[in-house]
Each structure stands twice: as structure tokens, then as C-alpha cells.
Amino acid sequence: MARVVSMVHSSLFYRNSLFQHRNGFKCFTFSIPFSTATASSLPATKKWRQPAASVVELGGVKIAKDDVVRDDPTNNVPDTIFSKLGMQLHRRDQHPLGILKNAIYEYFDTNYQNKFDKFDDLCPIVSVQQNFDDVLVPADHVSRSYNDTYYVDSQTVLRCHTSAHQAELLRKGHTNFLVTGDVYRRDSIDSTHYPVFHQMEGVRVFSPVDWEASGIDATSYAAEDLKKCLEGLARHLFGAVEMRWVDTYFPFTDPSYELEIYFQEKWMEVLGCGVMEQEILRTSNRPNNVAWAFGLGLERLAMVLFDIPDIRLFWSTDMRFTSQFSKGELGIKFKPFSKYPPCFKDMSFWINESFTENNLCEVVRDVAGDLVEEVQLIDNFTNKKGMTSHCYRIAYRSMERSLTDEEINELQFNVREQAEKKLNVVLR
């Protein structure tokens with residue numbers, strides 16, 4: 001469940017479906033409408049439709065490009081994001097994300113006698129209804145904007161969180177389930193942010209027979225069970241750590257909590273959770289039940305457990321990275337294999353009213369891909385004419401090799417050219 005956040009991504013439980021089982025899709029050309037408008041403010045020229053099935057492969061989904069990247073004013077999915085669809089890092093048993101997922105599975109299988117159904121290959125292309133409305137995300141919430149979410153068209157998105165499948169699974173009759181998958185958000189560029197990351201959602205539903213004999217009300221019963229479950233999970237992953245619960249707010253749970261642990265001499269937020277809002281259960285044909293739900297970000301936890309310093313490394317195919325991890329070995333400490341220096345390039349320009357930093361980061365990612373390490377605003381001012389200037393410092397660094405001056409200069413030239421063209425900024 002989800003709020004949209006900073007820090008390493010977790011679920012929409014963090015501020016920051018078609019229930020298709022391993023389907024593929026057809027797909028187009030790159031066109032980003034650099035707008036901060038929400039989908040509801042643009043003309044809904046198309047109704048959401050189920051994309052046509054394509055090719056299925058073991059270990060991933062193949063989706064045809066022209067169904068996802070479209071020359072359409074309501075589409076903002078770039079080629080770089082399309083290239084990540086179907087990679088499913090969380091389904092690779094020798095990858096840190098797959099190792100962590102399986103460790104969480106082990107906890108639930110052991111403590112709940114295999115009661116939890118597991119889904120880790122649900123299609124990431126979902127409707128706006130599934131992604132937002134079904135989990136009570138307000139119509140004016142920032143997460144609905146084109147600045148934050150990848151829209152295939154006005155009624156279809158790349159899921160922002162695994163909660164997009166929650167209502168559908170409840171309607172299908174599942175009462176205990178875990179959903180793991182790749183999720184997509186337009187975001188800043190630094191060592192802990194990436195536009196594609198991975199989440200796990202957990203849901204458990206209770207019937208009146210479960211709480212009536214306990215002597216406490218349904219909500220309290222669910223909350224106690226939730227906390228007991230997640231404290232056990234934290235111990236399973238991190239050992240005998242100190243924990244604390246923090247009251248918070250999410251639109252889809254009440255009461256809502258964050259679990260923090262004291263780890264490596266500081267408090268660290270692990271996950272968000274709460275007792276599911278009755279409206280979600282009612283519209284999922286379960287008006288007499290109560291339920292709890294939690295959401296966590298796999299990268300957030302894996303970076304800590306495996307000592308991985310940069311989120312880009314999860315996507316590396318370099319054997320010096322991939323060979324360090326083994327199936328079932330949770331917490332193997334990553335040994336850095338490169339100390340390649342970063343190269344910094346500054347870029348200054350006059351912005352307009354529609355400019356957003358996320359849009360700039362999309363341009364930089366599209367040009368430089370994973371060779372860009374960070375984009376940071378280092379200066380801004382407004383002159384007497386009311387014109388505002390921003391200066392951004394772009395850090396280029398490969399995780400695997402040294403970059404040449406020629407490569408970096410070409411990247412920077414293309415970034416400047418594309419920023420001027422697509423963002424309508426005036427370079428200084």
C-alpha cells in the first residue's frame with residue numbers, strides 16, 4: 001500500500017489489475033509530455049483496455065514496445081523504462097533482491113504453515129483504477145501526476161506500487177497473500193533512487209470467528225496480530241534488534257504504523273503498515289471482515305543487509321557483482337570492485353513555470369542511462385525581471401569502468417541539447 005516517497009523506495013505505504021498472470025504486451029516511439037498535470041486534467045481520449053498478450057518467457061515477461069511507449073500526449077514512458085519491463089530481478093534466486101524475497105517467504109511459510117499465497121509475476125501494466133482508486137489514493141494526490149507516475153495512456157499506468165493488485169486478489173478470494181514485483185516512479189537521481197524498484201505487499205484477512213473469542217474489538221485484534229507478525233519478520237532478517245512503532249497516516253489503513261529498528265547505530269524505517277480501511281474490504285465484497293496490510297521496499301532493506309552502496313548496482317550484469325551472491329545466503333557483504341572517479345559537469349538555464357526536477361532527471365537518464373550517478377541543484381536565483389535560473393551539477397560515473405573525457409563531453413552535450421528541446425528551458 002502506498003504513499004509516494006523519498007529515501008530508498010518502499011511501497012505506497014511510504015511517503016515518498018488486471019490480475020494478469022505473466023502476460024506480455026505489444027508496444028512505440030519516445031514522447032514525454034513534460035507536464036505536472038494529473039491524468040484527470042487531460043482529455044480521456046481512450047478507455048483503459050487490457051493490452052494484447054504477447055510472448056511469455058521463463059523468468060520474465062516480453063512486452064511489445066508499441067503498446068507501452070507511444071507517440072501520444074498522455075504517454076510519458078521512455079525507452080529506458082520500457083527496457084526494464086520483464087527483467088524481474090526479484091525472481092532471480094542468486095540476486096540480492098531474490099535472496100531477500102525468499103528469506104521473507106521462508107519466514108511466512110515457517111510461521112503460518114504455508115497459508116500465504118505468493119504472487120511475484122503479476123503484470124506491471126495496470127489501470128488507474130487499480131493503481132489509485134482501489135486503494136483510496138485521493139483524486140488530488142501528488143502521486144497521480146504525470147510528474148510522478150509513468151502513464152501508458154490516461155487510464156493505464158506502470159504500477160507505482162504492488163498494492164495495485166490488492167483489491168483484485170481480495171475479490172478473487174485470496175485472504176492471506178504476498179505480492180512482489182517491479183514498480184515504477186519518476187524520481188530524482190542519486191545513490192538511493194531509481195525509477196524502477198521492487199516492493200513486497202502482504203495482506204491478511206480475518207473473519208468474525210477469529211476475533212470474537214479474543215475479547216477485543218476487530219481492529220485491535222488485527223493490529224496486534226500485525227505487529228506480532230512484523231516484529232518476527234524484522235528479527236528473522238536483522239537478528240535481535242531493538243524496535244519501535246511510530247503512528248502515522250496512510251489513506252488506505254487506519255490505524256497506520258511504521259516499524260523502525262535500531263541497526264548499525266541508528267534508527268531505520270523498515271516498512272509501513274496498518275489495519276486496512278473498511279471501504280477497501282467493502283468494495284472487494286468482504287464487508288464483514290477486517291484485514292491488515294504491509295508494504296516494504298526490497299532495495300531499501302537489501303542495501304543495508306548486503307552493504308550495497310549504490311542502487312544502480314542491482315541492475316549490474318558484471319560478474320564481479322553477480323558472482324558475489326548465492327542462493328539462500330542472506331546478508332553476504334558486498335565487496336566493492338571498482339573505485340572509478342566521478343566526473344562533474346554543471347548546467348545552468350532559465351526555467352519556465354512547467355519545469356520540474358523529475359522532468360530534468362528523465363532527460364538525463366534517457367541520455368546517460370546508468371552512467372549518471374547524481375543530479376543535484378547547487379544554485380538558483382531570480383533576477384529583477386522575475387526570471388529564475390537553476391544550476392545543476394551532474395555526476396557521471398560508471399560502476400564498472402573508467403569513462404573517457406570524450407564520452408562524458410558527448411553525454412553532457414546531448415543532455416544540454418535534449419533539456420533545451422524537451423523542457424523548453426533557456427541555457428545559460
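Values reported hereafter were calculated over all heavy atoms of this structure, with side chains retained and with hydrogens, waters and symmetry mates removed. Since the structure is predicted, the reported quantities are computational estimates derived from the model, not experimental observations.
Under the side-chain contact (heavy atoms from CB on, under 4.5 Å) criterion, Ala302 pairs with Leu97, Leu100, Phe306, Phe314, sequence neighbours left out. Asn114 pairs by the side-chain contact (heavy atoms from CB on, under 4.5 Å) definition with Asp109, not counting sequence neighbours. Here Glu279 pairs with Arg282 under the salt bridge (charged side-chain N to carboxylate O under 4.0 Å, His left out) rule; sequence neighbours left out. Under the salt bridge (charged side-chain N to carboxylate O under 4.0 Å, His left out) criterion, Asp133 pairs with Arg144, not counting sequence neighbours. Residues passing the side chain to side chain donor-acceptor pair (under 3.5 Å) test with Thr382, sequence neighbours excluded: Thr388. Take Glu353 and apply the side-chain contact (heavy atoms from CB on, under 4.5 Å) test, not counting sequence neighbours, and it matches no residue. Asp318 is linked by a salt bridge (charged side-chain N to carboxylate O under 4.0 Å, His left out) to Arg320, counting only residues two or more places apart in sequence or in another chain. Take Asp254 and apply the salt bridge (charged side-chain N to carboxylate O under 4.0 Å, His left out) test, not counting sequence neighbours, and it matches no residue. Ser220 is linked by a side-chain contact (heavy atoms from CB on, under 4.5 Å) to Ile216, Asp217, counting only residues two or more places apart in sequence or in another chain. Partners of Tyr112 according to the ring-ring contact (aromatic ring centres under 6.0 Å, His included) rule, which considers only residues two or more places apart in sequence or in another chain, are Phe108, Phe116.
Judged purely by distance below 3.5 Å, without hydrogens or angles, the side chains of Asn131 and Arg159 never pair a donor atom with an acceptor atom. Side-chain polar atoms of Ser316 and Glu400 form a donor-acceptor pair below 3.5 angstrom. Checking Asp72 against Thr74 by side-chain atom types alone, a donor-acceptor pair falls below 3.5 Å.
Of all the heavy atoms in Gln199 and Cys160, the pair that sits closest is NE2-O, 3.8 Å. Nearest heavy-atom pair across Val77 and Tyr150 is CG2-CB, 4.0 Å. Counting all heavy atoms, side chain and backbone alike, Trp245 lies closest to Cys273 at CZ3-SG, 3.5 Å. Closest heavy-atom contact between Asp134 and Arg171: OD2-NH2, 3.9 Å.
Taking a cutoff of 4.0 Å between a charged side-chain nitrogen and a carboxylate oxygen, Asp307 and Lys335 do not qualify as a salt bridge. Salt bridge annotation for Asp346-Arg393: present, with a cationic side-chain nitrogen under 4.0 angstrom from a carboxylate oxygen. For the pair Lys101 and Asp120, the salt-bridge criterion is met [side-chain N within less than 4.0 Å of a carboxylate O].
Applying the side-chain hydrogen bond (donor to acceptor under 3.5 Å, both in side chains) test to pairs two or more places apart or on separate chains, those with a residue in residues 369-378 are Tyr194-Asp370, Arg312-Glu373, Glu373-Arg397.
Geometrically, Lys118 engages Tyr105 in a cation-pi contact defined by less than 6.0 Å to the ring centre and at most 45° from the axis.
In this structure, CD on Glu106 lies 11.0 Å from CG on Leu233, to the nearest 0.5 angstrom.
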When the side chains of residues 235-244 are checked against the rest of the protein, which donor-acceptor pairs come out under 3.5 Å, sequence neighbours left out?
residue	atom	partner	partner atom	Å
His236	NE2	Ala103	O	3.0
Arg244	NE	Glu260	OE1	2.6
Arg244	NH2	Glu260	OE1	2.8

